[in-house]
Structures are given as structure tokens and as C-alpha cells.
Amino acid sequence: METLYLIFIDPFVQMVVEPAFLAEVLIGGLMSGVMYSLVALGFVLIFKASGIFNFAQGIFVLFAALNFVGLMDLGVHPILAFVITIGIMTALAFAVDRLVLRPLVNQDPIILFMATIGIAFFLEGFGESIWGGDVRPVRVGIPDAALFWEAGFGEILVQSSDLFAGVIAAFLVTVLALFFHFTPVGRALRAVADDHQAALSVGIPLNNIWVIVWAVAGFVALVAGIMWGAKLGVQFALSTIALKALPVLILGGFTSIPGAIIGGLIVGAGEKLFENYWGVPLLEGATEEWFAYIVAMIFLFFRPQGLFGEKIIERV
Amino acid sequence: MLYREAGQFKTSYSADQAMLTIPLDRVFVVGLTIFAIVGIPLLASEYLIASILIPVLILSIAALGLNILTGYCGQLSLGTGAFMAAGAYLAYKIATNITWMPIWIVIPLAGLCAAAIGIAFGLPSLRIKGFYLAVATLAAQFFLLWLFVKVPWFVNYSISGVPTAPPRSVLGFDVTGATATNEAKYLFVLAFVIALAWIARNMARSRIGRSWMAIRDMDIAAELIGIRPLPTKLSAFAISSFYCGVAGALWAMCYINTVEPTAFDINRSFQVLFMVIVGGLGSVLGSFLGAAFIFLLPIFLNSAPGWFGYTVAGDTITHIEFMLFGALIIFFLIVEPHGLARLWQIAKEKLRLWPFPY
């Protein structure tokens, strides 16, 4: 009885009694959810355009951030460093396309997936042997102060860097949406995502498109890396956290950009709520490590295509 | 090559279907096994046995397990480490609570427990495949490790949370714990390796192995010709987890002598996956070659600069190791998806015709 009470009733009583704490937990969760969304966004872009599940996206985030911070530590102006890093990520996209994807064209998706695991390991070693494995703080002037917001039911503590990250993410998604809808390249990308062969037959060069998609994903990774680095410092652990983008994708669907965003927010908020109301009192904490994966696994039983994904149809 | 196949005729179906059809191959394999049992404990140094042969053999078992699941049945798993951890923790629990049970029963029993857990996490594979399944197995990886760290029951409420392996003996020789000699541990591990490799080889060429491969190559078509996906996929998960569980139990009991979660984290899962890819997907021999290669490469990288009089910082080596692993994976996937095992076969075929090109 006691346990059932603690599982099913007590957490909700707590939420009602202390709405300010609930709001803080929720906001904190949503903000980390934004970060997952940003990584998941890179996955979705590549998956939509080329059907490749890019396991290395998490490392892209780390690698981009490492380059950015490394350049800044050398005394390069942040904006210049940003531009150079975009250049590096584009070069990387080109290299990946020529050295890895081309030779593996027409292979099983699972083979390509394993190849991206190889890319992930290579980049991890490469980035760290150039820039070193220390934790590096990002100083780009993102304001980091505790703001107190006076709501009707009490004071809520919000980190200004979190708000800033939220704004940047919203801005990035808007830019991407505009890019996909109103530029020729964006239209070509959507055409390729819809149907490779039809796109080829109307004269869209598939090769360049893949490079562009990987470069755009690299750009998204850079933004995510800067945001994340500003919060936690640029460190190796980023790549492990970035793995959480995988359950986010399961939730949101592999082919949907809004799905990636909403999935990220659900996972971020859900794991913080679970940790604070169920994890710490009942399960000795640290449930954030697995919560997202278990939710994704349960989700797979009932709706394998995710919330917004296309229904999976297979033919022999 | 030392022998030719020409003139070796088979006169019965059973001879045609033997595991090793060529007599000299049989002699070679039996000879190698006898050498591994008798020769190595007598000749090899302590260091070679304790720090190289034992871990390579144990990792070969894990690679065999993953190869059954990924190579033969086509279900990608990133949760190998967790299934190994399940074997290790449960072997410890069983060995310390049921003290009369001989250790050579405890370890397969722990493997069976791991198999049950594997079935539970394999259930989603019925609806999904490929990288979707990879996420489900990641759930196993993170959840199980968390469970073993957080629930003190598994380690008998030990205060440190990292208990040492209990000393147990077989036929009067200690094989686990601090008092066991390296030779005894080696022979104990080797017994499992021989048995499990033999079983894996035979499973792969029997009905169950063929149905795995049918599911791997095209699951819907396999279903149409009458292979039931449910028992087939779950049996692959169960048997794979059994192998991983045995490997984990041996790793904890006979190699590191403690039961600790860090030995089975996600990096272990990747390490075993690399062994399978580099060694050869869908090959028993490949599991051994891959395990040896992936385990020895870092050791080689660490000592190679020393031979030439250079000193390289430790973390530089680690970084180079990462890069090399990544590059090797891509290289093997592009150039030789069947891995070292296929290279070995090609070399054999070339040598057979040598010095003529064909």
C-alpha cells in the first residue's frame, strides 16, 4: 500500500503543493530537451535526405564544438571562428561523402549505420588528438545568470543561458524551415527526400545534395555544440549525452523535423520529472541514464514509426 | 599450402557433411586444440597467459555471441556489455549464495539468466529492425548497468559495491579468485571456449542457423517460406545473450577477479561489435580473429613506439587507437565486409594454387 501510494499518489500531491518547484523542474527539463532536439535535428536531416542513420551526429556536435573552442583559444574572433568551423564541417561532409558513403552506395542500411559508428570513433580520436581531451569552457558572451521570475504561485529560478539556448534553437528551426521551403537548394533537398529516382530524373544532382545535407547537419551540430558547451564545457561526455538523441528520434519519428523537436522536449521534460518525483524518492536516483531509452523501447512496441513518422511499409 | 584437395573423395553423405571435410584440416584443428590444452600451459609465460590469452579467449566467446545475433541473424545489438554484466553479477550471486554448486554449473546457469534477460530485451525485435533495434538494446545497456549498481542485493550488500570473485575449484584445482593459478584459469576458460565454439559452429550449419540466416537476408520472404520469425529471432537473442553472459561471468571470475560495472559499460559493447565487424560477420573463425586483433592492437600501439626508442604520451596513444579503430571499421566494411575470416580464406585459396595464378 505504502509503495503504491508513493508511486501513484504522492508525486502528484507534491506537484500540486509546490507548483513553483514543478515549474522549475519542467523548465529545466524542457531546456535540456532543446539540446536533445538540436542533435536529433541533425539525425533527421540526414536520414530524410539519404536514408542513412548517422550515428556520428553526436560526435559531430563534439567535433564542431572542439574546433570552435580550439580556434577561439588561439585568439580567433568568435564570429571568424564560427565561419571557419562551418568551413571545416563542410569539408568533413565532403570527405565523408567521398570516402565513406560513395564506396558503400547500395549497401544495407545496417552496414551504413555501422560505417557511421566507424566515423564516430575516427572523429573522436581525430578531434582530441588535435585539440586535446581537456574540458574547455566556451566563452562567447552567452549571459549566464540566475533570473527569478515572479509567478502567481511563487518564485521560479531560471538560468538565463537556458532561455538563450531556447531562443537560439527556435531561431535555428525557423531558419531551417525557411531554407527548406523558399530556396532552390532547400526544394531540391525536399525532392530528394521524397524520391531519389524522381529527383534524379528531373536533374537534381544527387551527389552534391548529399554533401549539402551533411554540411547542414554539421552546421546544426555546431550550434548544438556551442549551446551545450556553454552550459557544460566542451568535453568528451557530450558524445554520450548526444546518444540520447536516439530515443528522441524513436519518439518523434525518424523522418519528421517537428517530431525531433517535440520528441526532444518530451524526453527532456519527462526524464527530469521522473527523476525528481519518482527516481530520487523511490529508485535512489540517476534514472536519467536510462529513462529515455526505456520509454523509447516501450514506445517501439506500440508505435514503431514514432509520433510523427511515416508508416513503415515493406514489400518483398 | 601444405596439402591439396585433389584426390580426396568422399564416399558417404556423412563424410560430405562433416564439420571439417578435409582430413588434414581435421588434423590441424585437433592438433591446435591439443596444443592449446597441453602445450600452452607448459610453454607460455605467465604474462602471456594472464594478460593476453585469457582475455582474448573470453572476448572471443562474447564476439561469438554477438556474431550469432548480428552476423547470423542480422539483428544489430549495442547491449553486449549489459548482457555480459548480467552474466557476471548473477554468477557472483549464485556462486556466493548456493555455495555447494560447482562453478562449472554456476557459469552456464548465469548464462541462462542472461539469456532470459536477452529474450526480454529482444521482444521489440519482432516489430522493428536495424537501428530501431539498436536503440532498444541501448536501453538494455543503460538500464541493466544502472540496476546492478543501484540494487545492492546483487553484490550481497557489499559496502564497496565491487566484490571480489569467490574462490572456487574444479577437480581440486582453484579456478577462480585470488588463489587460482593462471594455468588453471586458462584451462577452465579454454574448456568453455572449445565447447561453445563447437556448439556455435554446429548451430550455424543446422536448421536453426539456416533459419537465422534466412531471417537476416530477408525477413518477410523467410516468413513466407515457413520460418516463424518469433522463435527464430528470440532464439538468436537468447543464445547470443547466453554466450555473452558466460563471457561476462568468466571475465569477472577468471580475468579481473572482481565484479565491477565499469568493465561492462558501453565501450565494451562497441569493442565486441568491432571484433565482429573486423573479424567477419557470420563466421565463427572470424570471432576469434577479431577478438585477438582488436584486443592486441592497443597493446601493440602502446609498446610499438618503445621498440624504436620513442616515447609517446598515453592519451595520444588512446586518440590514435580511436582513429585507427574507426578507420579500420570503415575500411573493412568497404573492402572486405566478411572481415579477417574472409581474408584468411582468400589467402588459403591463393596458396592452394601457388605458384600458378589459377
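Letters go in sequence order (proteins before strands), and every chain restarts at 1. Everything numeric here is computed off the predicted structure, so don't read it as measured data.
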Side chain / backbone / both / neither for [X] at chain B, heavy atoms under 4.5 Å:
X      : value
A:L112 : neither
A:I119 : both
A:F299 : neither

Does any backbone or side-chain atom of B:L273 lie under 4.5 Å from a heavy atom of chain A? Answer side chain, backbone, both or neither.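 Looking at B:L273, just its side chain touches chain A.
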
Winner by heavy-atom pair count (cut-off under 4.5 Å) against chain A, out of [options]:
options                        : result
B:A140, B:A136, B:G326         : B:G326
B:L281, B:L324, B:L138, B:I266 : B:L138
B:F331, B:F274, B:F325, B:F332 : B:F274

Just say parallel, tilted or perpendicular for the rings of B:F322 and A:F121, cut-offs at 30° and 60°.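 The rings of B:F322 and A:F121 lie parallel, inter-plane angle below 30°.
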
A:F55 and B:F270: aromatic ring centres closer than 6.0 Å?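 So the answer is yes for these two rings.
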
Quick one: [atom1] on [X] to [atom2] on [Y], what's the gap to the nearest 0.5 Å?
X      : Y      : atom1 : atom2 : answer
A:M114 : B:I329 : CE    : CD1   : 9.0 Å
B:I334 : A:L104 : CD1   : CG    : 4.5 Å
A:L246 : B:L78  : CG    : CG    : 8.5 Å
B:M323 : A:F122 : CE    : CZ    : 4.0 Å

Assess whether atom CZ of A:R102 is packed by more than 12 heavy atoms of other residues, nucleotides or ligands within 6.0 Å.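 Enclosed: over 12 neighbouring heavy atoms sit under 6.0 Å from CZ of A:R102.
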
Could you tell me which non-hydrogen atom of B:I330 sits nearest to which non-hydrogen atom of A:A115, and how far apart they are?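 Answer, listing the atom of B:I330 first, then A:A115: CG1-O, 3.7 Å.
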
Please give me the minimum heavy-atom distance between B:A139 and A:M297, naming the atom from each residue.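 Shortest heavy-atom separation between B:A139 and A:M297 comes out as CB-SD, 3.9 Å.
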
By side chain to side chain donor-acceptor pair (under 3.5 Å), which residues pair with B:S287, not counting sequence neighbours?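 Expected list: B:N67.
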
Ring pair (Phe, Tyr, Trp, His ring centres under 6.0 Å), paired with B:F143, selected from A:F291, A:Y293, A:W290: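 Result: among A:F291, A:Y293, A:W290, A:W290 is the only option passing the ring pair (Phe, Tyr, Trp, His ring centres under 6.0 Å) with B:F143.
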
Contact leader toward chain B among A:G127, A:G118, A:P103, where contacts are heavy-atom pairs under 4.5 Å: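 Most heavy-atom pairs within the cutoff with chain B belong to A:G118.
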
